[in-house]
Structures are given as structure tokens and as C-alpha cells.
Amino acid sequence: MYDNIIFDLYGTLIDIHTDEEDIAVWKHMCEFYAEHGVKYNPAGLRSKYKRQVRRAEQAMAKKKFKFPEIQILDVFEQLTRKKDQDADDCAELTVKAAQEFRKTSTEYIKLYDGVKEMLGRLKNSGKKLYVLSNAQRVYTLPEIQKLGIEEYFTDISLSSDFGAMKPDAVFYQQMLDRNHINPNRSIMVGNDEVCDIMAARQARLHTCYIHSKLSPVDDDQRYIKSDIMLDEPDMAKLCEYLLGEE
């Protein structure tokens, strides 16, 4: 069966809902920045944030990757920087601002039922577990630590660290190479047909598709070609499949 199991995070193991357009989020961030001597109004801050995201995306588009990923901390650095500010102070405030924004824009975040039990059984059986996710480390690492699942994984590969995101083949390959993973003995588990299934198949991985409410609306389960198919995030059933008990 499978020696290595690679998981997507959001929509696969973690259920989350964020709303970055809510004006209340930007009002809160204005208050946060004002406490640190940086003044904005909500509409102006939101506009500048989007403008900096676009600039970061345009800069990354010049890179060699087919599906480039920005570093969101670069965006928040532009929002945070003040004249004559100490570099270390700016870096510290940038991280705090990014995490405050994520916390404020997140309506809820939780594990799907049975995730810890499933990960524990797989790890105890000798499987090596990995994460390959389109995510920003400044957001995601604190979240998986708070949810209590960091300890289960041998390696966590996030798109913000690498500069490319799924379905880019190089994002898959860097993780396989770094961890000396044999694709023939490995499976990718995710909730996105293009990013997690088609791309994984191109990397010669086995695949498991889980349909969740965070799956792309265009995903049509009737036509998805995956070794394992689940209609919902049923972690007990997933565990049985991955252990070869089904």
C-alpha cells in the first residue's frame, strides 16, 4: 500500500471560512495600525492592500514558475513600514499585522471530525505524513499549531515558502525530492480536482479525492479520475482506505 501520505490542508483536514471583504475587518486593522503609529482609514487601507497584492502578483509573474505564489508578508511590510523605522521593529510588526488580519477575517476554523484520530492511527502504523498546501506560512503555521496537528507531519510544504503553488509540478517535485519520496508508494489526499488530483497524477502519485464544501464548484465527481473517492470528509473511512482495510 502507501508508505507516504501527502495531505492538502484547507477543505481536506481543516474547515475554514474567511471574509477579507468585510469592512469590519478593515476598521479593526485601522485600529491595530493606529496603536502602532500608522494611520489609515478602512477604505484606504483595503485599497492599498489590494494594490500591493496586485503588485506582488505582477512581480511574481515574471518568475519562472507557471503558477507563482506571492509572499503575503511582503504585502504587509508595505502597509506597515514607517519613515526611519528600525528594520527589526518593522519586521516584528509586519508579522503581528498579518496574523491579526488573518485572525480578524476568519469567521471560523476547525478540524473535520476525526482528523486527529485518523492522523494518529496512520502515524502509529508507520506511515509518513506530509502537508502540501497552497498557503501562507504566517497564517497557516499558527493555525495548525493551535489545532494540534503539527506533530503528526514529517514535513510541511507551503506555497508561500517556495514561490509556486499547486498545480505547478515543481511545487510537487521539490517536496518529493527533498524528502526522498517514491511516488509509487505515495498518495496525495485533497479536495481539488485540478490542484490535488490532476497535478498529483502528473507527479506519478496515487490520489484520493475528498469532496467538501470548500471544493471548487466546477469539480464534477462523475468525471474525476482518482484512486479513492469520498463524497464527504469522512476521516474514519479515509483511514480505512489508506491503511488498506477497506
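For reference, positions follow the sequence shown, starting with 1.
- Under the ring pair (Phe, Tyr, Trp, His ring centres under 6.0 Å) rule, Tyr33 has a single partner from Phe76, Tyr40, Trp26, which is Tyr40.
- With hydrogens and angles ignored, the 3.5 Å screen pairs no side-chain donor or acceptor of Asp168 with any backbone N or O of Phe171.
- For Ser226, the side chain to side chain donor-acceptor pair (under 3.5 Å) partners at least two apart in sequence or on another chain are Thr207.
- Proximity of Val194 to Asp218: side-chain heavy atoms (C-beta onward) are nowhere separated by under 4.5 Å.
- Shortest non-hydrogen contact noted between Glu143 and Arg102 is OE2-NE, 2.6 Å.
- Checked by atom type and distance alone, the side chain of Ser212 never pairs as donor or acceptor with a backbone atom of Pro233 at under 3.5 Å.
- Proximity of Phe7 to Leu119: side-chain heavy atoms (C-beta onward) are separated by under 4.5 Å at one or more points.
- Using a 4.5 Å cut-off between side-chain heavy atoms of Ile, Leu, Val, Met, Phe, Trp and Tyr, with links allowed through other members, Leu205 and Ile228 fall into different hydrophobic clusters.
- Every pair passing side chain to side chain donor-acceptor pair (under 3.5 Å) that includes a residue from residues 54-74 is listed here, sequence neighbours excluded: Glu69-Ser159.
- A distance-only check finds no donor-acceptor pair linking the side chain of Asn134 to the backbone of Met165 [under 3.5 Å].
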How far apart are the C-alpha atoms of Tyr112 and Thr12, what are their side-chain angles, what is the distance that settles it, and do they pass the side-chain hydrogen bond (donor to acceptor under 3.5 Å, both in side chains) test?
CA-CA 8 Å; Tyr112 289 113; Thr12 300; over 6 Å; no
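- The closest donor-acceptor contact from the side chain of Tyr241 to the backbone of Cys208 lies at 3.5 Å or more, if one exists at all.
- Put simply, the residue from Leu176, Asp196, Leu129 that forms a side-chain contact (heavy atoms from CB on, under 4.5 Å) with Ile6 is Leu176.
- In this structure, the side chain of Asn179 does not engage the main chain of Ile181 through any donor-acceptor pair within 3.5 Å.
- Residue pairs meeting the salt bridge (charged side-chain N to carboxylate O under 4.0 Å, His left out) criterion with at least one partner in residues 7-17, sequence neighbours excluded, are Asp8-Lys166, Asp15-Lys213.
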Derivation of the salt bridge (charged side-chain N to carboxylate O under 4.0 Å, His left out) call for Glu240 and Arg121:
CA-CA 10 Å; Glu240 291 174 1; Arg121 283 190 63 194; 5.8 Å; no
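- Without hydrogens or angle criteria, Lys48 side chain to Leu79 main chain gives no donor-acceptor distance under 3.5 Å.
- Listed for the Arg185 side chain is a donor-acceptor partner under 3.5 Å among the backbone atoms of Met1.
- Cation-pi geometry between Lys110 and Tyr108 is satisfied (NZ or CZ under 6.0 Å from the ring centre, within 45° of the ring normal).
- Note: His28 and Phe32 fail the aromatic proximity criterion, with ring centroids not under 6.0 Å apart.
- A pairwise comparison of heavy atoms in Ile70 and Gln136 identifies O-NE2, 2.8 Å as the closest pair.
- At a threshold of 4.0 Å, the pair Lys96-Glu92 counts as salt-bridged, since one of the basic side-chain nitrogens sits closer than that to a carboxylate oxygen.
- Checked against the 6.0 Å centroid criterion, the rings of Phe101 and Tyr49 qualify as a close aromatic pair.
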